[in-house]
Each structure stands twice: as C-alpha cells, then as structure tokens.
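Contents: one structure, followed by commentary.
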Amino acid sequence: MADEKSYGWAGKILRVNLTTGSITTESTDPYKNLIGGMGIGNKIMYDEVPAGTDPLSEANKVIFAVGPLTASGAPLAGRTTICSLSTFTKDHLVIDAHFGGMFGAKLKLAGWDALVVEGASASPCYINIKDDQVEIKDASFVWGQGIRNTTEMLNRVEGVKACVAAIGPAGENLLPMSNIINSRNHSAGAGLGAVLGSKKCKAVVVEGNGSVNVADPQAVAELSDYMLREIIGSNNNHVVPSTQQEWAEYYDKGSRWTARKGLYWAAAEGDPIETGEPKPGELNTVGYRCMKSTKDLGAAAEKYTIKMDGCHSCPIHCYSDLRVDETEANTGFKNTGNTCAANFPVSTYMEPQLKMGLKSDESKADLSVIWDTTTLNVMDDLGVWCNYAQLYRDIAYCHVNGVFKRVLPEAEYNSIHWEKFNADVCDPTIMVEIINMIARNDNELSYIGHGSLVWCERWNEQAWFDNSTSTLINYRGWPVHHAIECFGQVGAVYNMMFNRDDMIHSAVNFQGCGLPIELKKQIAAEVWGSEDAITADKNYTPMNEYKANFAWWSIVTDVLHDSLTLCNWVWPMTMSPTKARNYRGDLDLEAKFYKAVTGEDITTDELYRRAAAIMTLQRANTVRGMTDANGTMGCNDMRNVHDVMTNWAFDKDPDKQAFTEGTDKMDREDFQTALTMVYERFGWDSELGCPTAECLDGYGLSDVKDELASLNLLP
C-alpha cells in the first residue's frame with residue numbers, strides 16, 4: 001500500500017466491480033513512472049483488457065484517472081483523463097477521453113488517483129464516493145432521465161457538495177456517439193456514455209473533503225503567482241489582445257484574448273460587468289481576458305452572457321455561461337454554456353451547407369444564438385457526443401445531398417419536419433427532433449450517431465471521407481483536430497497518432513497566439529532547433545528535422561498534460577504576454593510544479609521521456625488489437641494500416657501545387673517522409689511506425705516488449 005504521506009498523489013486507486021459488487025483499493029506506486037492520468041489509464045487497459053474486447057462487453061473497463069498536480073494548487077490542473085475502448089472507430093481500440101469541470105479535483109480530494117469501473121450491473125446503478133466511503137447504489141429512479149435532471153436528483157440525494165458525472169438516454173441506449181458529463185456541460189466523449197450504459201452505470205457521484213499533501217506549498221504559491229503575473233495569456237495561451245489597446249505592442253483579431261472596453265457580461269447578476277482591458281501582470285483581472293461567448297457565438301451573445309466560468313483551478317475561464325429565454329421554450333432549459341465545438345454547432349458547422357442565412361441581419365444573429373444554444377442543450381441533456389463537430393457536418397451533408405431521403409424509411413423520413421431548415425421557416429426545434437431520434441438508437445436515422453465509419457458504409461457514402469468539407473482526416477473514422485491547417489506536416493502527423501481525434505493544442509496554441517511570424521520563428525528556433533520548424537499559414541515548405549521535433553514535442557506535451565491532468569487548451573507555456581520577457585514563456589513550468597508538489601526533482605526532458613513512453617504504450621496496445629487487410633487481429637504496420645491520411649488533404653485545391661503560397665495542400669511523398677522522421681524521433685520502427693524491442697526497453701516497458709514478441713508483433 002501507499003506510504004502514510006504521499007506528496008502530490010493520493011496514493012490509492014479505487015476499483016469498483018459492478019458484476020460482483022466488490023470494492024477494493026490498491027496502491028498507485030506501480031504507476032508513478034507513467035506520471036498519472038493517461039499513463040495510469042493506458043497501463044491498466046493494456047494489462048487487463050484483452051485485445052479484441054467488445055467495448056460494450058462486461059470485459060471492457062472505464063478508468064477515470066488524475067495526476068499528481070490535480071487539486072494541488074497548480075493552475076489549470078482540473079482535467080480528468082478517462083480510458084476505455086472506442087465505440088465508433090475501426091477495431092474499437094484503446095482511446096482517451098477527457099473532461100474538465102470539478103470531477104477530477106473531487107476524486108483527488110476524496111483520496112483517489114483513479115477509479116477503475118469494471119464488470120456490469122444487472123440493473124441501473126450509480127457509484128457513490130464520499131471520501132473513503134464507497135457504495136454501489138440503485139439508480140432506477142434516474143434511469144431514463146436527462147443529464148440535467150439526473151444531476152439535480154442525485155445532488156438532492158447525496159448533497160450539493162458532490163460532483164455528479166452522468167450519462168443521458170443516449171448512453172443508456174448504447175449509442176456509440178454518446179458521452180458522460182459533469183458540472184452541467186463538461187463532457188467526455190468517444191462513446192463513454194454507451195460503455196457506461198452497457199454496464200448499467202448511470203453516474204459516478206464524488207464528494208471529496210480531504211486535501212492534497214504538497215512537498216513545498218510556498219514554492220507552489222510562488223510559481224502560481226509567477227505564472228499568472230508573467231507567463232500565462234488567455235484561452236489557448238493567446239498572448240496579445242484581439243483589438244488594439246494602449247498597453248499592447250501587438251494585437252491580432254484572431255486572438256482569444258478578447259476583452260476590451262465596451263464589452264460586457266451583460267446578463268451578469270446585478271449590473272453588467274465590463275471586461276475592460278486587463279493587462280499582463282494584473283493577477284486579479286486574468287479571468288476577464290477571455291470573452292469566449294462572443295468569440296464563439298458572435299456579438300449577439302453579449303446580451304445573454306452571465307459570466308465566463310471555468311474548471312477547477314482555472315484562472316482563464318473559457319466556459320460561457322449564458323441565459324437565453326427563447327431556448328427554454330425549445331429545450332426546457334434557459335441556462336446554457338460550454339466551450340469549443342459544442343458552443344456553435346449550427347452557425348459554424350451546419351449553416352454553410354444548409355444556407356439558412358442565420359447571420360444576415362441583427363435579428364437573425366440572435367436567432368443564430370438560439371439555434372446554437374437549443375442544439376447544445378438538447379445534445380448535452382441527452383448525452384449525445386458530437387465527435388468534435390463531425391455529427392453536425394454529417395447531418396448537414398446527409399440532408400442537403402438527399403441521403404436521408406434516400407435511406408430512411410418513408411414513414412420515418414416524413415415524421416421529421418425538414419422544412420424547419422428552410423430560410424423562410426428557420427425553426428431550431430428541428431435539431432430537437434433529430435437529436436432525440438438519434439439518442440433513441442432504435443431507428444435508421446440513429447446510425448448517423450454510430451459514427452461516420454458506420455453510416456458511410458451502411459448508406460454507401462464512403463466518398464464522404466474524401467470530401468474536404470467532411471474534414472474526416474483518417475479512414476478509421478475520426479475528423480481533424482487542428483490538422484494540416486496547423487503548420488502542415490506537423491498537424492498532419494499528430495492527427496494520425498491516436499485512435500480518435502488527437503485533441504492536441506500545443507501547436508495550434510503557438511500558431512494562433514497573435515505574435516508576429518518573425519517573433520514566432522525566433523521562439524521556434526529556441527525550442528525546436530531552427531526557424532524552419534514553422535512556416536507562415538498556407539505557405540508551407542517540405543518536411544525537415546525541425547518540423548519533426550515540433551510534431552514530436554506537440555504529441556509528448558499533450559500526453560504529458562493528459563497525464564498530469566493539466567489543461568492542454570492553455571498549457572504549455574511556450575510564449576508569454578510580457579514584453580519584458582521578449583514574449584518568451586517558460587517550458588520548464590511543468591517540471592517546476594512537479595518538483596514543488598511531489599518533492600521529486602525532475603527535468604523537463606525526463607517528463608517528456610515519460611510522456612513518450614505513454615504514447616508508445618498506447619501504440620503497442622493498438623498494434624495488439626488492430627486488424628490487417630485480411631481481418632486478422634494483431635498488425636504492426638502502423639504506416640499503411642493506421643496512419644493513413646484521407647485523400648482530400650492531398651487532392652484539394654486542384655489548381656495549386658503543394659508548397660505554394662495560398663494552400664495547405666499536402667504532398668503524398670513528403671507526408672511519408674514526415675511519418676518516418678517522427679517515427680524515428682520516438683524510436684519506433686522507421687518503416688512500420690510500431691514500437692521496437694529497443695525502444696520498449698528504453699522506455700521501461702520490457703513487459704510489453706515480451707508480450708509483443710510472443711505475438712510476433714515486434715519488427
């Protein structure tokens with residue numbers, strides 16, 4: 001068992017077996033070299049869930065895991081990594097999902113570094129954790145309820161100090177594209193709702209009343225102040241304002257540092273609150289920098305904005321809290337909020353295809369907000385996952401191109417009021433109709449909620465994968481997540497690495513930070529070895545070793561943050577808003593906080609090495625479960641079977657050549673060179689892209705090496 005006092009880590013992992021009802025505890029110590037979070041989850045999945053396991057079977061597991069910095073006082077350490085098997089991509093391989101909110105901190109403060117949910121209950125249940133008191137309780141009274149009602153009812157039963165992470169009807173109905181949500185709208189997707197639904201687990205309720213032992217509390221406090229005073233920017237660590245301001249040397253209209261004079265939280269309790277011009281160095285105004293509601297939803301969202309909110313230990317607050325009276329009539333809820341893709345599903349991802357003209361005048365700008373918040377509320381209450389907005393693009397494509405009319409049974413098609421999409425009607429309740437049908441998972445339309453891989457094959461629409469409008473980046477079933485538009489080959493490579501969209505923000509944060517390209521090139525030379533690591537947008541150059549360094553760094557920093565459970569939407573601190581620092585950030589901050597919290601004196605390079613080991617472990621698990629062209633399980637040809645980018649990335653802009661100004665078109669041969677360089681940077685086989693015996697030994701994964709050798713999966 002863990003030592004009596006463990007710094008950073010709680011020292012314990014909780015196991016709940018829903019089949020037997022057993023509740024057991026084990027030490028975190030065997031997993032500490034894998035940092036936490038993603039490392040813990042992937043090691044348990046590799047060791048305990050056999051290759052080829054059905055994600056909806058009793059043998060699959062769900063691991064909620066946090067890291068040593070969670071709830072320690074380190075800023076932006078409020079994430080939770082959740083490991084399981086994919087429900088929606090080819091071969092159902094190991095994936096990580098993530099959510100913010102309050103769950104991770106509550107789990108840690110209850111005394112746990114991870115929760116492993118295994119087995120399956122015979123009847124609806126929920127797991128209730130109150131510090132070291134853990135019970136499996138009957139959930140029949142909330143089964144069938146939406147996530148909002150479930151959350152309220154379980155808080156009434158267990159107390160308002162508890163954090164509820166729940167699934168909705170979509171998860172209960174085993175819809176592959178379903179999620180789990182805590183703190184109203186903080187969601188983790190990738191089919192976790194269906195996996196928990198298959199286990200009849202409606203929710204995990206956590207109340208934590210303990211604390212985290214910190215080796216050097218004074219150092220943590222000083223580092224936090226230093227980070228807030230000199231280093232951190234806004235959402236995505238954008239370090240210049242979006243408008244010209246007296247204090248700022250630079251501004252960039254794309255920046256998420258959107259505060260300005262005359263911009264308000266107009267629906268704030270009491271009087272409206274002006275965001276103003278918060279300056280670097282002002283610790284108490286950091287939370288005003290990011291006015292994400294108007295960034296996402298347009299200027300009309302200002303009047304609906306209550307405040308900007310955030311996850312546990314977040315000073316940035318990129319989460320939009322809004323009150324939209326008109327949305328209550330459509331969904332039953334007037335309060336709404338989210339961030340990123342879920343915040344603007346229709347106006348950004350569907351309107352260009354449906355041509356509803358929502359933004360043509362001021363009144364329609366309000367209607368655009370209502371469409372988006374209506375869709376958001378019904379999605380989140382039913383627990384439907386958008387797959388980084390892929391669901392919205394798929395719906396628009398299938399409606400506009402007559403796919404639904406062709407494949408749906410006549411009665412089913414006619415039961416939906418499609419005319420609400422028309423510009424002369426423009427009624428957002430069409431989204432309530434469609435999403436409710438998808439969540440039921442008992443009709444033909446619901447197959448669009450099984451993921452693009454399934455419905456494209458079922459409805460003979462495989463060409464959608466090669467349509468740039470789809471943004472599907474890999475034939476195994478996932479869309480772009482800051483891909484070729486993010487430094488070309490860098491984004492292209494890291495979009496191939498996982499078994500779902502990569503969720504990497506390390507590179508795109510740097511790309512969009514707002515600094516001039518000349519300054520970014522200087523920073524690139526210092527971090528990745530040469531100014532040639534980056535190029536201006538849509539003016540790419542052929543692959544080189546410095547781009548490989550950048551791609552490798554982007555992957556390992558993301559994995560590091562998902563293991564420490566830091567927010568990769570802001571971390572790493574590559575750049576700074578402070579002119580006196582020449583806008584340089586501090587890439588050693590993770591190691592500094594790690595030492596202050598755990599007492600372990602560790603270097604940044606060693607943290608990166610451990611993160612590379614976790615990435616290698618996941619690739620090894622992928623090799624073990626991936627099928628080859630003949631359907632045989634166990635395939636180590638990652639280059640030709642897994643890391644295959646869709647054709648549209650190479651065929652777009654047919655009148656332009658790759659590496660010419662004005663296009664992010666990729667070159668096929670150059671992309672293969674990029675893969676080779678990044679494979680070699682990890683120590684993987686340069687031809688196959690799979691782990692080698694030598695690299696597995698080097699990463700401390702000799703047990704994995706031995707198993708892959710026994711399966712003839714080492715090159």
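Values in this document were obtained by computation on a predicted structure and should not be read as measured data. Residues: numbered from 1 along the sequence shown.
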Check: Who are the side-chain contact (heavy atoms from CB on, under 4.5 Å) partners of D296, not counting sequence neighbours?
Finding: K292, N343, F344
Next item on the list: Look only at the side chain of K547 and the backbone of T541, and say whether a donor-acceptor pair between them is shorter than 3.5 Å.
Entry: yes
Check: With Y699, which residues qualify under ring pair (Phe, Tyr, Trp, His ring centres under 6.0 Å), at least two apart?
Finding: none
Notebook entry, point to check: Is K579 reaching over with its side chain to a backbone N or O of A248, donor-acceptor style, under 3.5 angstrom?
Noted result: no
Check: For the residue pair M575 and C513, what are the closest heavy atoms and their distance?
Finding: CE-CB, 3.7 Å
Notebook entry, point to check: Which residues pass the ring pair (Phe, Tyr, Trp, His ring centres under 6.0 Å) test with Y319, sequence neighbours left out?
Noted result: H186
Checklist line | Short side-chain to backbone donor-acceptor contact, E282 and P280, under 3.5 Å | finding: no
Next item on the list: Return the set of residues passing side-chain contact (heavy atoms from CB on, under 4.5 Å) with Y251 (not counting sequence neighbours), or none when no residue passes.
Entry: P241, Q244
Margin query: Given 3.5 Å as the limit, does a donor-acceptor pair link the side chain of T616 with the main chain of P691, or not?
Written below: no
Next item on the list: Scan residues 500-525 for pairs that pass ring-ring contact (aromatic ring centres under 6.0 Å, His included), counting only residues two or more places apart or in two chains.
Entry: H481-H505, H482-H505, H505-W569, F510-W528
Item checked: Partner set under ring pair (Phe, Tyr, Trp, His ring centres under 6.0 Å) for F498, not counting sequence neighbours -> none
Item checked: Candidate pair E590 and R610, rule salt bridge (Lys or Arg N to Asp or Glu O under 4.0 Å), full reasoning -> CA-CA 13 Å; E590 294 95 331; R610 294 187 189 185; over 6 Å; no
Checklist line | N/O donor-acceptor pair under 3.5 Å between D321 side chain and G337 backbone | finding: no
